[in-house]
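Atoms within each ligand, like the ligands themselves, are counted from 1 in listed order. All values below were derived from every heavy atom in this structure, side-chain atoms included, with hydrogens, water molecules and symmetry-related copies excluded.
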Amino acid sequence: MNQLVAALFMGWVAFPLAAATSARPNILFIMTDDHAAHAISAYGSRINQTPQLDRLAREGMRLDRCFVVNSICTPSRAAILTGKYSHKNGVPVFNRFDGSQPHVAKYLQAAGYYTAMVGKWHLGSEPTGFDHYIVLPGQGLYHDPAFLDRNGRRVINGYATDIITDLALEALAQRPKDKPFFLCLQHKAPHREWSPGPKHATLYDDVEIPEPPTLWDDYATRTDAAREATMTIARHLNNRDLKLPPPAGLAGPDRERWLWQVPMEVTVEVKGRRETLTGEALVKWKYQRYIKDYLRCIASVDDNVGRVLDYLDTHGLRENTLVIYTSDQGFFLGDHGWYDKRFMYEECLRMPFIARLPGVIPPGSAQSAIALNVDFAPTFLELAGVPVPADMQGRSLVPILKGTRPADWRTSMYYRYYHDPGHHNTRAHYGVRTETHKLIHFWKKDQWECYDLVKDPLELRNVYNDPAYAATVAALKAELARLKREVEDRDEFADTLPPDGVDGQTFTPPPKGQPSGASNAP
Ligand code: CA
């Protein structure tokens, strides 16, 4: 922009305008909910193929160490929008996002971008900073979902992942063509209850999905938190998660109660014979039930990413559009015996992040520099030629995406998770991850874990009390303290959390024709 302004003052108008157009790329931010990188074949998945995401990776860059600063849905979304940690953006748990604060969409809108939010919003308050929005209320539904926009609420029949893609393509078709766009295309999939669409309902029926190497983790060297968490494949997936049919005749509250029960014995047909499964055989069966539905949801996401890439290709938008594919955090795919997220362990700390921008991002490349979800907003601003506000805590990934790594790039990251006990009886914790190690402090019980990520990438051996690691632990504690100061985190903040409420509550769109109540000013 500055170059453009200077050129205009020099009376040299025609060329700089054209140059400015190509210097301000469109930004298409595709984000799913709970899609772990290890369920993408471009990331070396052992359990599925994702041809369209692989296509994006082939034409762009894969980040191998992109981490979330608080591994849970609503807080990650707030961190992405604001470029700030939870204690700065006011969303440490499932509380409502204060839409009057500055964020990336407002900055881009003020800089002349057309801004649109389509799909899963999950921040409780009415979206601000978007010229157009159509979002799921709360968690939203997989089948025949309702949507909220400035005209109110409407149900759209079909499968959420297909519909959200349709709505995004509609937004692209109807956008003002004289502005660059910032479109957030955000899927509900593959969030729990992992409900596939009709097209993929029987995919994987006749195959056995490989089990993760840590499915039988016994937590032998860990602190209490792992044993206390109620998110195991074995003991916490319920009848609804496992898509077991309710007994005939059960209705109303009795049916609902049954759906939330955890089956500890299941009778199924195995090779033409009826068999009752318990113990280890039942856990293996539950894993297959769970992972197949999760992967069916991803197959639909992958197809729909392909539809979007095709649209860009056929509408002349390929060359000047940054396309990002990411997810709000990772997920346990049976790893450590779990489903869900929240912990600072690798499977859910890591976010998939694939980016394509022809002529800027080297195709088929990968980078291992530590990137964070708070970096996304500064990245978009730099690409749009908008100065990054000093209070954004992330750093633009543009040099990383160009295939370079500044000498002063971070070599460690700070993490903090707040829910305790939350939905899955998790323990709050904070910690540091370097390029080689991880230190976690479950502060309410003052319990520590330390992992050597080079020798023990699956994080199975807590070396916190191993004398051979005493110097490493001391150095990690010093780094943790430094990072905590750097991001200005305060323990007092974690002691007074706002109440959860976003899952069950949502905003009411203003009456038709009325302006939105929330501030759109950056
Ligand atoms: Ca999520």
(request) Return yes if some donor-acceptor pair links the side-chain N/O of D375 with the main-chain N/O of L372 below 3.5 Å, else return no. (result) yes
(message) Checking one value in my table: which N/O/S atom of D33 lies closest to the Ca ion (ligand 1)?
(response) OD1
(request) Return yes when at least one N/O/S atom of Q329 is nearer than 3.0 Å to the Ca ion (ligand 1), and no when none is. (result) yes
(request) Could you tell me whether E228 and K445 have a side-chain N and a carboxylate O separated by less than 4.0 Å? (result) yes
(request) For the residue pair T230 and H236, confirm or rule out a side-chain donor-acceptor distance under 3.5 Å. (result) no
(message) With carbon and hydrogen excluded and only N/O/S kept, which atom of D328 is nearest the Ca ion (ligand 1)?
(response) OD2
(request) Decide, yes or no, whether a salt bridge links K341 with D34 under the criterion of side-chain N to carboxylate O below 4.0 Å. (result) yes
(request) Round to 10° and report the angle made at the Ca ion (ligand 1) by SG of C73 and OD1 of D34. (result) 110°
